[in-house]
Amino acid sequence: MSAPAPSPLAIVEVDPEHSPARQDEVLTDAALAFVAALHRRFTPRRDELLARRAERRAEIARTSSLDFLPETAHIRADDSWKVADAPAALNDRRVEITGPTDRKMTINALNSGAKVWLADFEDASAPTWENVIGGQINLIDAYERRIDFTDPGSGKSYALKPADELATVVMRPRGWHLEERHLQFEGRAVPGALVDFGLYFFHNAKRLLDLGKGPYFYLPKTESHLEARLWNEIFVFAQDYVGIPQGTVRATVLIETITAAYEMEEILYELRDHASGLNAGRWDYLFSIVKNFRDGGAKFVLPDRNAVTMTAPFMRAYTELLVRTCHKRGAHAIGGMAAFIPNRRDPEANEKALDKVKNDKDREAGDGFDGSWVAHPDLVPVARASFDAVLGDKPHQKDRLREDVSVAPADLIAIDSLDARPTYQGLIDAVQVGTRYIEAWLRGLGAVAIFGLMEDAATAEISRSQIWQWVDAGVVFENGKTATADLVRTVAAEQLAAIRAEIGEEAFTTGKWQQAHDLLLRVSLDADFADFLTLPAYDLLV
């Protein structure tokens, strides 16, 4: 590959005197030229697909229904095709840990004993320029084994274990809807997905091959097989650009939108030379249901988020269809998140929570999943035990084809099959969690411990979308109060005052609490439903 010409990308910094440390190591001329090539070639198609999302949403609003695509029935009916065989580093995925790419988390996740670490530039990372660049540096340093960390508070030092004990990294770039304002082409911001993918792939693809692994990715917020096709085209181009074999890239797609749930086989088909599996999300999936069916009437109104477990009939239909689809096509089926944060100060509560995690992971392993997610290193052995009990020495259970599963189109959106209703406490919880998460996000934190759970941006999305839906539907709570904009404002003001009393005046005034309160009300009450709260939130991010 010949030396690239200087990149036409402009680096735009809010405060040029305080650039992220070692920024020049990431933003080399060659790396920027690669990102520019991705942008020129693929951003126009990305723009078309974002417009197609809006068109499809309008169609759902008109019909209040979804179906498997008639135009791709031949792909679903063709039993001959399979995805590529998993590389050795991704063949056993029985436990995966997720988290942002800050320096401490990078070391702890790699050392956690999990088979895979989802290194997250998306929902668990607020996209400050410091986080975007710092995450790339930390991954490079980890692969070069020159990473360490000393906690300034405790003085505890962290360093990597031997290479054969480290988790395999699967990196998650930002979703298609987000821009990166710090890299621009002719005055236009480059899509954050292309920035995250491009910088990581360019710097690490060959380095990872030398380590016996490869450039592996989780693809978030995918809404159609056409979006998967775009990613496949990007992978083909990128592999040729840096001179590595086609098929080196592997991608796992998060089925976290309701439209993608109707196109699982087609998504695998589009990525088949680069596909390694599908993942069953939860909060983003519920958020997508609300977003798409928000004006579909009472039968689409979701109860409190914690009342919607993975055993709800419409969630069972989704997860069982995912397992069947993956195993039919030779792909891994990866289960959902255990977000509990162990609390060693309360052994009784800790034991109850761990029992819930165990039951959840036992169910997933019993249903045929090949692995699952946890958010904390202490949960790795719990999840591993559940999958060890089913898998034994086998790396996966793709031989369980789940041909007993039969899911009709209506099953995936049978929200009214759930025997639960929104509660007033559910409204309070949504306001509380939404406010606390957004405040932390505005300070640059994407993974936040709230009430004993590790929360990310999907948490705030389901919180604010449920508030919006309940107000729009005029839900009457069990105490006789009706969900109105005025009631939400009252609850939000009360909760903000409670937080102020809880944390003290100094912490309150130095935080982003008023901004968080105002933004939550904006995205929860505006007549025009914001597609993603991170879009207006990004404008407030320093």
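Any value given below was found using the heavy atoms of this structure, including those in side chains, with hydrogens, waters and symmetry copies removed.
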Query - Donor-acceptor contact below 3.5 Å, side chain Arg46 vs main chain Trp176 - result: yes
**Report entry** Partners passing ring pair (Phe, Tyr, Trp, His ring centres under 6.0 Å) against Phe237 (at least two apart in sequence or in another chain)
**Finding:** Phe42, Tyr241
Query raised in the report: So His182 and Trp129, would you call those rings parallel, tilted or perpendicular, with 30° and 60° as cut-offs?
Result: parallel
**Report entry** Candidate pair Val448 and Thr459, rule side-chain contact (heavy atoms from CB on, under 4.5 Å), full reasoning
**Finding:** CA-CA 10 Å; Val448 186; Thr459 303; over 6 Å; no
Requested in this report: Please tell me if the side chains of Glu25 and Ile140 come closer than 4.5 Å, counting only heavy atoms from C-beta onward.
Outcome: no
Report summary line: Residue set satisfying salt bridge (charged side-chain N to carboxylate O under 4.0 Å, His left out) with Lys328, at least two apart, ordered chain then number -> Asp79, Glu265
Requested in this report: Determine, stepwise, if the pair Met315 / Leu286 fulfils side-chain contact (heavy atoms from CB on, under 4.5 Å).
Outcome: CA-CA 9 Å; Met315 297 298 281; Leu286 294 175; 3.9 Å; yes
Query - N/O donor-acceptor pair under 3.5 Å between Lys206 side chain and Gly243 backbone - result: no
Report summary line: d(Arg145 CZ, Asp141 CG) to nearest 0.5 Å is 12.0 Å
Query raised in the report: Between His203 and Val26, is there a donor-acceptor pair closer than 3.5 Å when you use the side chain of the first and the backbone of the second?
Result: yes
Query raised in the report: So which heavy atom on Thr510 is nearest to which on Ala507, and how close?
Result: OG1-O, 3.3 Å
**Report entry** Partner set under ring pair (Phe, Tyr, Trp, His ring centres under 6.0 Å) for Tyr216, not counting sequence neighbours
**Finding:** none
Query - Qualifying residues under side chain to side chain contact (heavy atoms under 4.5 Å, CB included), relative to Leu354, sequence neighbours excluded - result: Phe340, Asn350, Leu379, Val382
**Report entry** Those residues that, when tested against Arg272, pass salt bridge (charged side-chain N to carboxylate O under 4.0 Å, His left out) (two or more places apart)
**Finding:** none
Requested in this report: Quick one: closest heavy-atom pair of Lys291 and Asp531, and the distance?
Outcome: NZ-O, 3.1 Å
Query raised in the report: Taking only residues two or more places apart in sequence or in another chain, which ones pass side-chain hydrogen bond (donor to acceptor under 3.5 Å, both in side chains) with Arg207?
Result: Glu144, Asn204
Report task. Kindly determine whether Trp441 and Leu533 satisfy side-chain contact (heavy atoms from CB on, under 4.5 Å), including the steps that lead there. Result -> CA-CA 11 Å; Trp441 195 92; Leu533 73 82; 6.0 Å; no
Query raised in the report: Does atom NZ of Lys394 have more than 12 heavy-atom neighbours from other groups under 6.0 Å away?
Result: yes
Query raised in the report: Under 4.5 Å between any side-chain heavy atoms of Ile267 and Ile255, yes or no?
Result: yes
Report task. Please list, chain by chain and in numerical order, all residues satisfying salt bridge (charged side-chain N to carboxylate O under 4.0 Å, His left out) with Asp393, sequence neighbours excluded. Result -> none
**Report entry** Minimum heavy-atom distance between Lys398 and Gly330, given as atom pair plus value
**Finding:** NZ-O, 3.1 Å
**Report entry** Closest contact, heavy atoms only, Ala375 versus Ala339
**Finding:** CB-CA, 4.1 Å
Requested in this report: Look at the side chain of Asn138 and the backbone N and O of Thr101, then say whether any donor-acceptor pair between them is shorter than 3.5 Å.
Outcome: yes
**Report entry** Any donor-acceptor N or O pair under 3.5 Å, side chains His225, Glu270
**Finding:** no
Query raised in the report: Among pairs that include at least one residue of residues 438-447, which meet salt bridge (charged side-chain N to carboxylate O under 4.0 Å, His left out), considering only residues two or more places apart or in two chains?
Result: Glu439-Arg443
Report task. To the nearest 0.5 angstrom, please state how far the OH atom of Tyr269 sits from the CZ atom of Arg329. Result -> 10.0 Å
Query - Exceeds 12 heavy-atom contacts within 6.0 angstrom, atom CZ of Arg146 - result: yes
Query - Distance-only donor-acceptor check, side chains Ser157 and Thr150, under 3.5 Å - result: yes
Requested in this report: Side-chain contact test, heavy atoms from C-beta onward, threshold under 4.5 Å: evaluate it for Pro377 versus Ile97 and give yes or no.
Outcome: yes
Report task. Look at the side chain of Thr168 and the backbone N and O of Ala89, then say whether any donor-acceptor pair between them is shorter than 3.5 Å. Result -> yes
Report task. State whether the side chain of Arg94 and the backbone N or O of Ser386 hold a donor-acceptor pair below 3.5 Å, judged by distance alone. Result -> no
Query - Pairwise side-chain contact, Leu90 with Val170, heavy-atom cut-off 4.5 Å (strictly under) - result: yes
Query - Lys358: side-chain hydrogen bond (donor to acceptor under 3.5 Å, both in side chains) partners, not counting sequence neighbours - result: Asp362
Report task. Enter the distance from Ile147:CD1 to Arg103:CZ here, rounded to the nearest 0.5 Å. Result -> 4.0 Å
Query raised in the report: Is Arg229 paired with Glu263 through a side-chain N to carboxylate O contact shorter than 4.0 Å?
Result: no
Query raised in the report: Are side-chain heavy atoms of Glu180 and Leu194 found at a separation under 4.5 Å?
Result: no
Requested in this report: Go through the steps to decide whether Leu254 and Asp284 satisfy the test side-chain contact (heavy atoms from CB on, under 4.5 Å), and finish with yes or no.
Outcome: CA-CA 10 Å; Leu254 291 114; Asp284 262 324; over 6 Å; no
Query raised in the report: Mind checking whether Phe217 and Trp231 have ring centres under 6.0 Å apart?
Result: no
Query - Residues which pass side chain to side chain contact (heavy atoms under 4.5 Å, CB included) with Gln246, listed by chain and number, not counting sequence neighbours - result: Val236, Gln239, Asp240, His274
Report task. State, to 0.1 Å, how close Asp367 and Glu320 come at their nearest heavy-atom pair, and which atoms those are. Result -> OD1-OE2, 4.2 Å
**Report entry** Side chain proximity check, Phe287 to Arg305, heavy atoms < 4.5 angstrom
**Finding:** no
Query raised in the report: Is there a side-chain contact between Ile234 and Phe197 (heavy atoms, below 4.5 Å)?
Result: yes
Query raised in the report: Between CG of Leu230 and CZ of Arg45, what distance do you get to the nearest 0.5 Å?
Result: 7.5 Å
**Report entry** Residues Asp123 and Lys221 bridged, charged N to O under 4.0 Å
**Finding:** yes
Report task. Would you indicate whether Asn343, at its atom CG, is surrounded by more than 12 heavy atoms from other residues, nucleotides or ligands within a distance under 6.0 Å? Result -> yes
Query raised in the report: Can you name the nearest heavy-atom pair linking Ala457 to Thr534, along with the distance?
Result: CB-CG2, 4.5 Å
Report task. Taking salt bridge (charged side-chain N to carboxylate O under 4.0 Å, His left out) as the test, write out the residues that go with Arg172, two or more places apart. Result -> Asp120, Glu122
**Report entry** Distance in Å, Ile334 CD1 paired with Cys326 SG, rounded so as to fall on 0.5 Å steps
**Finding:** 8.0 Å
Report summary line: In short, salt bridge (charged side-chain N to carboxylate O under 4.0 Å, His left out) pairs touching residues 189-203 with sequence neighbours left out are Arg174-Asp196
**Report entry** Spatial distance of atom OH (Tyr285) from atom CG (Asn279) [nearest 0.5 Å]
**Finding:** 12.5 Å
Report task. Answer yes or no: are there more than 12 heavy-atom neighbours, outside Tyr538 itself, under 6.0 Å from its atom OH? Result -> yes
Requested in this report: May I ask you to test the Arg282-Met310 pair for a side-chain heavy-atom distance under 4.5 Å?
Outcome: yes
